[in-house]
Number of protein chains: 2
Amino acid sequence: MTKIIRIKDIAEMANVSMGTVDRVIHNRGKVSEDALKKVLEVLEQINYKPNLIARTLSSSKTQRLAVLLPDADLDPFWRSSILGIRQAYSEHNQFGVAVSEYLFDPYSGDSFREQARKALEWQPDGILLAPTLRQEALAFAEACQTNQIPLVCFNTHINELAMLSFIGQDLHQSGRVAAELMAMMASPGTILVTHIGEQVQNSVHIGAKETGFREFMAQKGRNHFEVITVQLASPTSPDFENSLAQTLETHPHTKGIYVTTSKAYEIARTLEKLGKTHVCLIGYDLIDDNLTYLRSGTINSLIHQNSDRQGFLGISYLTDYLVFQKPIPALRYLPLSIVTRENLDSYLSNIDFSQ
Amino acid sequence: MTKIIRIKDIAEMANVSMGTVDRVIHNRGKVSEDALKKVLEVLEQINYKPNLIARTLSSSKTQRLAVLLPDADLDPFWRSSILGIRQAYSEHNQFGVAVSEYLFDPYSGDSFREQARKALEWQPDGILLAPTLRQEALAFAEACQTNQIPLVCFNTHINELAMLSFIGQDLHQSGRVAAELMAMMASPGTILVTHIGEQVQNSVHIGAKETGFREFMAQKGRNHFEVITVQLASPTSPDFENSLAQTLETHPHTKGIYVTTSKAYEIARTLEKLGKTHVCLIGYDLIDDNLTYLRSGTINSLIHQNSDRQGFLGISYLTDYLVFQKPIPALRYLPLSIVTRENLDSYLSNIDFSQ
DNA sequence: TTGTACGCGTTATCAA
DNA sequence: TTGATAACGCGTACAA
């Protein structure tokens, strides 16, 4: 039971006032050589840990956090991120944080720039960003830097982008996990890899998953599998179904399909129509459409990106950084969760974070 | 931007003093009918949320949390629980909680009673318990109840035990997940189920996993698998190896082994000696010995109980309940995480909880 | 029964 | 450059 050391105690030990100690600790200057030395000496000896409770109570400035992410109505993938963000907000707003959401069209540069402008206009103290568009994100990050606003990114990693922290998953390893699952579940034959629903801009992003997938298959696939990358028509176009049917005809020994995006349900729907549900289908993310087909068995497994947790951690990190002045990790990879029919419910019941 | 409503504000609105408002909110009595009514009226209209920061700063009473769990030196399974507990402590001790650990021998009633006694002697405000021994735990829970000490349990669920909250996993579903994995990975043949390392007391505990396993196999196993429960010699005895070898001889078509405890490494070690690593082995928990064999491929998959998270949540729940007076869930099932060679590292890098 | 005043540890302000 | 002091919102002890 070591008693707590307060600023007041330090002041007494160093024979100075609390104000001086405060100035030294936060090095705000305006301290004489002499006083500085005395205080530092005491600080060396004892292990001062500031009382964060008292600090937040005192400096009751509310920190404004702007969140920039795609509109979930345009891509359901983002629904769970928002849930995590709101959950974090509801847990942290008592520490004096305000969160404002700016939703953009994930494929429209104009939309992004518009929302980014609004976000900066709000004069936030921190920003959480899902950088779906490379060029636009880079420009925005620069704006943040010149404005001295800390930036945390999630979901999509962009190398050259300067940020405080990134929260997401290891895409390369994620591809390996998918391949491992495929090798476990599919019969020997042809495996299709498709990036349905993704834009060209994200080629790096996508490449990592495919590279990981192929790497595993080359190392551990025992030559049982032939991996072929296919480009399908957009799922919104009427050609989509034909395009898939034709691909399957071209590759009659197709035993598995790896969808590197959250759009596996589009494939599943068509496979059911074509009566080809025996094909082993692996995709990403626990969005409603995917769950339907995971339950019916057409989708065999989903890799869970923990998007809810990504959002939650994003807000938590910014709060820690701004409110509590805690150090936060520069990189946080979340687990590559393997979800099947049998453990699905155990994940769904954990979408809340109350801890 | 709704401004914060303080007790002072309520007092002004109701034309009473802060003291009166305080008495009403915490219903400590000593309030006249008249004043009570006025304050309640205001409270109805506005949505008062007490400032938890100020509350904890003010009432600087430290809450004492006693933790009762098995000594990790006697069973490595408990190592990660402790890590989670300590992590939670390090994050919450600024809110004025003190944690004291009481470690017992998981198979000794005497040891448990001894530690339980010490724990109560410490006069804790809340208790976190891993109830490995049924009878002893029930008696202890009663003692807690008569002493009015809130009790949270984790890992092992005991039905009749009165507690504030339970944190663990759905054992029956866990068995189903194991079976699903087995059906994916093992060739048709005999599957052994073994409860190695568990005591008879926990038959209910164990039964749920096996029931789930058999249920899945009966429903979805397509008669490919014959499930047989085997009782092996204790892994500490010299007979262990022989006992397993003999079992494998008795069941020559053995294609898989499901170990319902964290002791899969004992089987793995022997399988390697016997040169039978082709047998599909599924077990529980990311303890070091298991990881070695998961990496070497002798163990095919581990179901992760998130024991670290269990401990973390246990402390968090008690803190929420005692310090912040928040409601906490009566039951929290954690995900049934499927861990393979490829996604293992993504779990290991997440043993910290900094959020 | 009611109201007031002090303390929790820190930050911020202001006079010296 | 310093030190004293008033907030921050709540709990509590004590006086009215």
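Below, read A as the first sequence line, B as the second, and so on, with proteins coming before strands; counting in each chain starts at 1.
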Hey, does A:Asp22 reach any base, or is it just sugar-phosphate, or nothing, if we go heavy atoms under 4.0 Å? sugar-phosphate
Among the nucleotides D:dG3, D:dT12, D:dC10, whichever has the atom closest to the side chain of A:Thr20 is D:dG3
TODO: Using a cut-off of strictly less than 4.0 Å, decide whether B:Thr56 has a side-chain nitrogen or oxygen near OP1 or OP2 of C:dC8.
DONE: no
Residues 28-46 of chain B vs side chain to side chain donor-acceptor pair (under 3.5 Å), sequence neighbours excluded, gives B:Asp22-B:Arg28, B:His26-B:Arg28
task: Looking at every strand, decide which applies to A:Ala11 at a 4.0 Å heavy-atom threshold: base, sugar-phosphate, or nothing.
output: nothing
When rounded to whole Å, the NZ to P distance for the pair B:Lys38 and C:dT1 reads 15 Å
Between A:Met18 and A:Ile7, the two heavy atoms sitting closest are O-CG2, 3.9 Å
In whole angstroms, the gap separating C1' of C:dT10 from CD1 of A:Ile25 amounts to 10 Å
* Taking only N and O in the side chain of B:Arg55, is any of them less than 4.0 Å away from OP1 or OP2 of D:dC10? -> no
Close side-chain approach of A:Val97 and A:Leu318, heavy atoms under 4.5 Å: no
What I want to check is whether an N or O donor and acceptor connect the side chain of B:Ser58 with the base of C:dG7 at under 3.5 Å.
yes
B:Ile53 CD1 to C:dT11 C1', in whole Å, measures 15 Å
With the side chain defined as heavy atoms from C-beta on, B:Asn51 is closest, among D:dC10, D:dG11, C:dT1, to D:dC10
**Prompt:** Below 3.5 Å, does any donor atom in the side chain of B:Arg23 face an acceptor in the base of C:dG3, or the other way round?
**Reply:** yes
B:Leu57 atom CG is separated from C:dG9 atom P, nearest whole Å, by 7 Å
Checking D:dT2, C:dA12, C:dT4 against the side chain of A:Arg28 (C-beta onward), the nearest is C:dA12
In whole angstroms, the gap separating P of D:dA6 from CE of A:Met18 amounts to 13 Å
request  = Ignoring backbone atoms, test whether A:Tyr48 places a side-chain nitrogen or oxygen under 4.0 Å from the OP1 or OP2 oxygen of C:dG9.
outcome  = no
Of B:Val16 and A:Pro50, the one whose closest nucleotide on DNA chain C sits nearer the 5' end is B:Val16
To the nearest angstrom, the CG-C1' distance between A:Asn27 and C:dT11 comes to 15 Å
Looking only at C:dT2, C:dG9, D:dT1, the nucleotide nearest the A:Ser32 side chain is D:dT1
Heavy atoms of B:Ala98 and B:Tyr89 approach each other most closely as CA-CE1, 4.2 Å
Could you check whether any side-chain heavy atom of A:Leu69 comes within less than 4.5 Å of a side-chain heavy atom of A:Ile85, counting everything from C-beta outward? yes
Rounded to whole Å, NZ of A:Lys8 lies from C1' of C:dT11 at a distance of 16 Å
Atom CD1 of B:Ile7 and atom C1' of D:dT12 are separated, to the nearest Å, by 12 Å
